[in-house]
Engineer: 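There's a structure below that I have some questions on.
All values derive from a computational prediction rather than experimental measurement.
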Amino acid sequence: MLAITNGKIITMAGRNFACGTVLIEAGKIIAIGENIDIPVGAEVIDVQGKLVMPGLIDAHCHLGILEEIYRIEGDDLNEITDPVTPHLRAIDAVNPEDEGFRDALRGGVTTVCTGPGSANVLGGENVVIKTYGRVIDRMVVRQPAGLKVALGENPKRIYGGNKKAPLTRMATAALLRETLTKAQNYLRKLKVERSADMPERDLRLEAVIKVLEHQMPLRVHAHRADDIITAVRIAEEFDVEICIEHCTEGHKIVEELAKRQIPALVGPLMSNRAKVELKDRTPATPGILARAGVPVAIITDHPVVPIEFLSLCAGLAVKAGMSEEDALKAITINPARILGVDDRVGSLEVGKDADLIVADGPILELKTRIELVLVEGQIIDLN
């Protein structure tokens with residue numbers, strides 16, 4: 001049993017404690033609050049004057065799939081041999097030895113959603129994992145966590161340059177519709193009771209069926225406002241759930257996202273305008289969306305922005321007008337809810353995983369240092 005005591009606790013669950021204790025056993029939080037009785041024999045860590053809060057969550061990155069040091073050897077981001085590859089699984093490419101995992105822990109990031117890049121119209125399945133471990137299967141929190149879709153410039157650039165569809169935004173949308181329709185037809189055949197009518201297994205369509213049956217959302221890469229609206233149009237046409245990744249021009253259509261409660265995973269906020277569809281990027285976007293009631297997460301898109309700077313990205317959003325409370329939610333409980341893992345992570349509550357960080361000051365400030373990180377109750381060596 002472990003007790004983290006005398007810290008200023010921010011739970012992200014509606015109640016904070018000026019001087020409280022978090023009691024941990026078997027990797028779970030078993031008690032939290034003030035005046036907690038610490039059992040005899042428990043290991044006690046006194047963090048007087050320090051901030052205690054949930055481990056941070058990056059809802060969109062490429063940790064373990066696009067390694068920083070290696071190029072060809074460690075680049076498993078995009079299968080650019082086919083624009084439609086929904087059957088790919090991120091879990092098959094994640095390398096827990098990627099240096100980025102240590103950086104994540106040093107930055108207080110204990111959970112991430114990682115997955116394929118945005119070259120393909122349908123790129124494959126994402127996975128939610130903890131950032132500590134040696135065997136990826138034991139690090140998984142949710143698998144699969146969503147099906148990657150990309151609209152806008154990227155698929156056009158990758159395939160159009162080779163005179164292969166999609167050359168236009170129309171073709172990108174058409175390929176997505178075509179695949180969803182094929183999956184609908186495949187699902188109808190699977191529901192036929194007569195075994196003679198059963199189709200052969202199709203791994204590509206099996207992945208898409210999970211979206212049609214609301215087992216996971218489409219995670220749509222979209223920067224421009226018109227691409228975001230295309231994603232909304234197709235989602236409503238096929239009655240599927242979506243979240244918008246990057247959402248660079250989301251502030252232009254905030255009412256459309258708010259009335260539909262479509263989650264926005266905004267970022268990276270610390271990058272340049274590397275392509276035309278980023279021309280109107282602004283760190284004010286997450287604040288504008290949050291104030292309108294849109295569920296917002298702030299993301300790094302690691303390694304585009306190094307994952308250890310997730311809290312600094314949230315700080316930049318505050319500088320641009322986002323409230324501190326909304327910014328903290330955007331890197332803790334909001335991404336947990338968007339990813340469907342808030343029963344385990346995102347806040348400090350009894351019964352949840354003991355993923356927490358101890359910092360020497362406010363997490364959104366540049367000078368603040370992470371001094372202690374726990375993942376499922378285990379103290380992580382940050383050296």
Side-chain angles (χ1 to χ4, degrees), residues 1-59 101 104-113 128-143 145 310-311 325 328-363 368 370-382:
M1 187 175 294
L2 175 65
I4 309 296
T5 190
N6 290 329
K8 178 184 177 182
I9 301 174
I10 298 178
T11 67
M12 302 309 302
R15 186 181 180 189
N16 300 326
F17 304 98
C19 185
T21 296
V22 181
L23 201 59
I24 299 164
E25 186 174 38
K28 300 288 186 179
I29 298 171
I30 62 171
I32 185 168
E34 297 173 348
N35 303 316
I36 298 293
D37 291 329
I38 300 175
V40 175
E43 179 183 357
V44 178
I45 299 179
D46 192 333
V47 294
Q48 187 168 11
K50 308 295 183 180
L51 177 71
V52 181
M53 65 176 294
L56 308 184
I57 302 173
D58 192 336
F101 281 97
L105 291 165
R106 292 188 186 114
V109 181
T110 56
T111 302
V112 301
C113 182
V128 178
I129 58 175
K130 298 293 181 74
T131 55
Y132 179 75
R134 289 191 178 275
V135 178
I136 184 62
D137 302 73
R138 298 173 187 166
M139 299 161 66
V140 170
V141 183
R142 184 183 179 191
Q143 159 64 30
L310 178 61
S311 61
E325 180 181 1
L328 288 175
K329 287 180 179 178
I331 53 175
T332 56
I333 190 62
N334 280 5
R337 289 170 178 160
I338 292 169
L339 297 173
V341 294
D342 55 307
D343 59 325
R344 290 186 57 182
V345 296
S347 61
L348 300 181
E349 298 180 77
V350 171
K352 286 194 175 186
D353 293 358
D355 295 359
L356 58 87
I357 60 178
V358 177
D360 66 358
I363 197 69
T368 294
I370 306 295
E371 296 188 350
L372 183 67
V373 175
L374 276 70
V375 177
E376 296 183 8
Q378 183 171 345
I379 298 172
I380 306 302
D381 182 1
L382 301 179

Engineer: When the side chains of residues 49-58 are checked against the rest of the protein, which donor-acceptor pairs come out under 3.5 Å, sequence neighbours left out?
Structural biologist:
residue: K50; atom: NZ; partner: E371; partner atom: OE1; Å: 3.4
residue: K50; atom: NZ; partner: E371; partner atom: OE2; Å: 3.2
residue: D58; atom: OD1; partner: H60; partner atom: N; Å: 3.2
residue: D58; atom: OD2; partner: T300; partner atom: N; Å: 3.4
residue: D58; atom: OD2; partner: T300; partner atom: OG1; Å: 2.5

Engineer: D360: what forms a salt bridge (charged side-chain N to carboxylate O under 4.0 Å, His left out) with it, not counting sequence neighbours?
Structural biologist: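 Per chain and number, D360 pairs via salt bridge (charged side-chain N to carboxylate O under 4.0 Å, His left out) with R369.
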
Engineer: Nearest 0.5 Å, please: how far is CZ in R337 from NZ in K329?
Structural biologist: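 The CZ atom of R337 is 7.0 Å from NZ of K329, to the nearest 0.5 Å.
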
Engineer: Got a sec, which residues hit salt bridge (charged side-chain N to carboxylate O under 4.0 Å, His left out) with E43, two or more places apart in sequence or on another chain?
Structural biologist: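 Once residues adjacent in sequence are excluded, E43 has no partner under the salt bridge (charged side-chain N to carboxylate O under 4.0 Å, His left out) criterion.
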
Engineer: Among all residues two or more places apart in sequence or in another chain, which pass the side chain to side chain donor-acceptor pair (under 3.5 Å) test with N6?
Structural biologist: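 N6 satisfies side chain to side chain donor-acceptor pair (under 3.5 Å) with D46 only.
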
Engineer: By side chain to side chain donor-acceptor pair (under 3.5 Å), which residues pair with R134, not counting sequence neighbours?
Structural biologist: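 In terms of side chain to side chain donor-acceptor pair (under 3.5 Å), with neighbours along the sequence ignored, R134 is linked to E97.
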
Engineer: So, using side-chain contact (heavy atoms from CB on, under 4.5 Å) as the criterion, who are the partners of V135 when residues are at least two apart?
Structural biologist: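 Counting only residues at least two positions away or on another chain, V135 forms a side-chain contact (heavy atoms from CB on, under 4.5 Å) with D137, R138.
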
Engineer: Could you pull out all residues at least two apart from Q143 that satisfy side-chain contact (heavy atoms from CB on, under 4.5 Å)?
Structural biologist: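 Q143: side-chain contact (heavy atoms from CB on, under 4.5 Å) contacts with R89, I91, E125, V127, V140.
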
Engineer: Quick one, L328 and I333 - any side-chain contact, counting heavy atoms below 4.5 Å?
Structural biologist: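 In short, these two side chains do not touch, never coming nearer than 4.5 Å.
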
Engineer: Please list all pairs passing the salt bridge (charged side-chain N to carboxylate O under 4.0 Å, His left out) test where one or both residues lie in residues 2-26, with sequence neighbours left out.
Structural biologist: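 Residue pairs with at least one partner in residues 2-26: there are none.
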
Engineer: Going by atom types alone, do T110 and K130 pair a side-chain donor with an acceptor below 3.5 Å?
Structural biologist: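 No, no side-chain donor-acceptor contact under 3.5 Å.
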
Engineer: What I'd like to find out is whether the side chain of V341 reaches to under 4.5 Å of the side chain of P335, using heavy atoms alone.
Structural biologist: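 No, too far: nothing below the 4.5 Å cut-off.
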
Engineer: When you compare the side chain of V22 with that of L356, does any pair of heavy atoms fall below 4.5 Å?
Structural biologist: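 Side-chain contact under 4.5 Å: yes.
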
Engineer: Under the side chain to side chain donor-acceptor pair (under 3.5 Å) test, which residues partner R344, sequence neighbours left out?
Structural biologist: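 So R344 forms a side chain to side chain donor-acceptor pair (under 3.5 Å) with D353, E376.
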
Engineer: If the condition is side chain to side chain donor-acceptor pair (under 3.5 Å), which residues does D381 pass it with, not counting sequence neighbours?
Structural biologist: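 Applying side chain to side chain donor-acceptor pair (under 3.5 Å) to D381 gives N383.
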
Engineer: What distance do I24 atom CD1 and Q378 atom CD have between them, rounded to the nearest 0.5 Å?
Structural biologist: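 The CD atom of Q378 is 11.5 Å from CD1 of I24, to the nearest 0.5 Å.
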
